[in-house]
Protein chains: 2
Amino acid sequence: MSEAGNLTRKEQVIRKAAELFKEKGYAAASMRDLAQLLGIEAASLYSHIKSKEEILRSLCFDMATEFRKSLNEVEKQNVSASEKLRMGIIGHIQVMAKDLTASAVFMNEHRHLSEPYLRDFLLLRINYINRFKTILEEGVRTGEFKNTIDKKLAVMTLFSSLNWMPMWYDPDSAIDPAALGDQLADMLINGLKKTA
Amino acid sequence: MSEAGNLTRKEQVIRKAAELFKEKGYAAASMRDLAQLLGIEAASLYSHIKSKEEILRSLCFDMATEFRKSLNEVEKQNVSASEKLRMGIIGHIQVMAKDLTASAVFMNEHRHLSEPYLRDFLLLRINYINRFKTILEEGVRTGEFKNTIDKKLAVMTLFSSLNWMPMWYDPDSAIDPAALGDQLADMLINGLKKTA
DNA sequence: CATCCTTCCTAACATCTGTTTGTGCAGAAC
DNA sequence: GTTCTGCACAAACAGATGTTAGGAAGGATG
């Protein structure tokens, strides 16, 4: 609604909230803080949103949807496991790069969701992780990946690397998201060591 | 003071606080919550600690000291860069494993420190990271590591992997901290790919 | 015994929390 | 011109927040 390509007021509220939640953390960010950032009174926020947690929910679940869509595309491809892994990593990073702020909230603040939303969120998350784990296992089965490495460790290392990216990645930096994903995939698959 | 090998009451308070901060986050954890866990009234906490933030400070800076000590030992060694990296990783993981709860707080909640402590903490942290970066650069210089990978990416990937460990590592699991560090080092240095 | 130290208590404080209620005003739709 | 809708306000709410003041019980130390 409202003006052409612009944001709804509600979307503006959610965006600013994402910035605030990222910076101070959900629990330490007050609705009065948020209102002040938008130049309005705290009570006015409730013309646009139902509750503080509704904001967190939409941030978390919207990101989750994007991640799933990205991985769906990858799984359709008929390529090797290492190539699938590479594409999955790049996809994940590109989804994050599209909204680094929401990504940071998604990863750091989801625990403040109340039940039953928290449970739902964690289920989505474990499912996503398991789909990556399946790719790893496929690679081990086909002999592409070594079978000496603990799969839980491998997949958690992967996720840790991915999920911390919003904390340090500078979107104005020389390296763009696709190249970053490429390098990260290379590093995880081939390692740091020179394979001379 | 008090009983032989046991914990001071103050130490008990800090320990329980660490558990609470890890579980709910610093901001969402109230002093009344903490008191309840200890079976006392909130006001009684102040016989042992000066403020809520003092607890966070001691948790964060005590861990920081342990990490530094560990890395100091590694830097003394006269070994190759990849060996130094391996030792640094194992050391870091062993420090974490000694207190997974405090480690989680260290990594997730330090941002709630007020100035000037926050600044001090971040300086310690960047210094620690840079020392790992130096090891990486040494490895590139000596030709052990490839020079095609962005060093910031590499070191941040390393740290992400390390720092998320307290979130998923089960101390009762089959794999012990040293072996975990060994595998993680192998994965980062040699990659997932089979080097047949 | 007297003194101290540790540990805990009750009561209270000022401030901040998310949220509700009722109201008003602008512009768009009919 | 009337109605509707989006957006904002002030005032207030009930409860939670970190923290302080002052005191009391109990054990250890002199």
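Within every chain, numbering begins at 1; the chains are lettered A, B, ... in the order of the sequence lines, protein sequences first and strands thereafter. Computed from a predicted structure; not experimentally measured. All values below come from the heavy atoms of this structure, side chains included, with hydrogens, waters and symmetry mates left out.
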Taking B/K76 first and then B/E73, would you say they form a salt bridge - that is, a charged N and a carboxylate O separated by under 4.0 Å? yes

Looking at A/S30, I'd like to know whether one of its side-chain N or O atoms comes within less than 4.0 Å of OP1 or OP2 on C/dC16. no

Within the modelled atom types, does a donor on one side and an acceptor on the other bring the side chain of A/R9 and the base of D/dG6 under 3.5 Å apart? no

A/K69 with A/E66: basic N within carboxylate O range, under 4.0 Å: yes

So what does B/S47 hit on the nucleic acid, given a heavy-atom distance under 4.0 Å: a base, only sugar-phosphate, or nothing? base

Mapping A/A29 and B/A42 to their closest nucleotides on DNA chain C, which lands nearer the 5' end? B/A42

In whole Å, I'd like the distance from the OH atom of B/Y46 to the C1' atom of C/dT6. 19 Å

What's the CG-P distance between A/D33 and C/dC16, to the nearest Å? 11 Å

Short side-chain N/O contact to D/dC7 OP1/OP2 from A/H48, under 4.0 Å: yes

Of the nucleotides C/dG18, D/dA11, C/dA12, which one has an atom closest to the side chain of B/R32? C/dA12

Measure from CD1 on A/I40 to C1' on D/dG6 and round the result to the nearest Å. 12 Å

Tell me the interatomic distance from B/Q12, atom CD, to C/dT6, atom C1', rounded to whole angstroms. 13 Å

note: B/K52, atom NZ; D/dT20, atom C1'; distance rounded to Å ~ 17 Å

Residue of the set A/F67, A/Y128, A/F61, A/F21 for which ring pair (Phe, Tyr, Trp, His ring centres under 6.0 Å) holds with A/F106: A/F67

Within the supplied structure, the quantity of interest is the number of heavy atoms (other residues, nucleotides, ligands) at a distance under 6.0 Å from A/E54 CD; does it exceed 12? yes

Main-chain N/O of A/L153 paired with B/Q183 side-chain donor or acceptor, under 3.5 Å: no

Would you mind reading off the distance between A/Q36 atom CD and C/dT17 atom P, rounded to a whole angstrom? 11 Å

Heavy atoms only, 4.0 Å cut-off, all strands: where does A/S44 land among base, sugar-phosphate and nothing? base

Can you tell me the distance, in whole Å, between the CD atom of A/E41 and the P atom of C/dG24? 18 Å

Please give, in whole Å, the distance from D/dG18 P to B/L34 CG? 10 Å

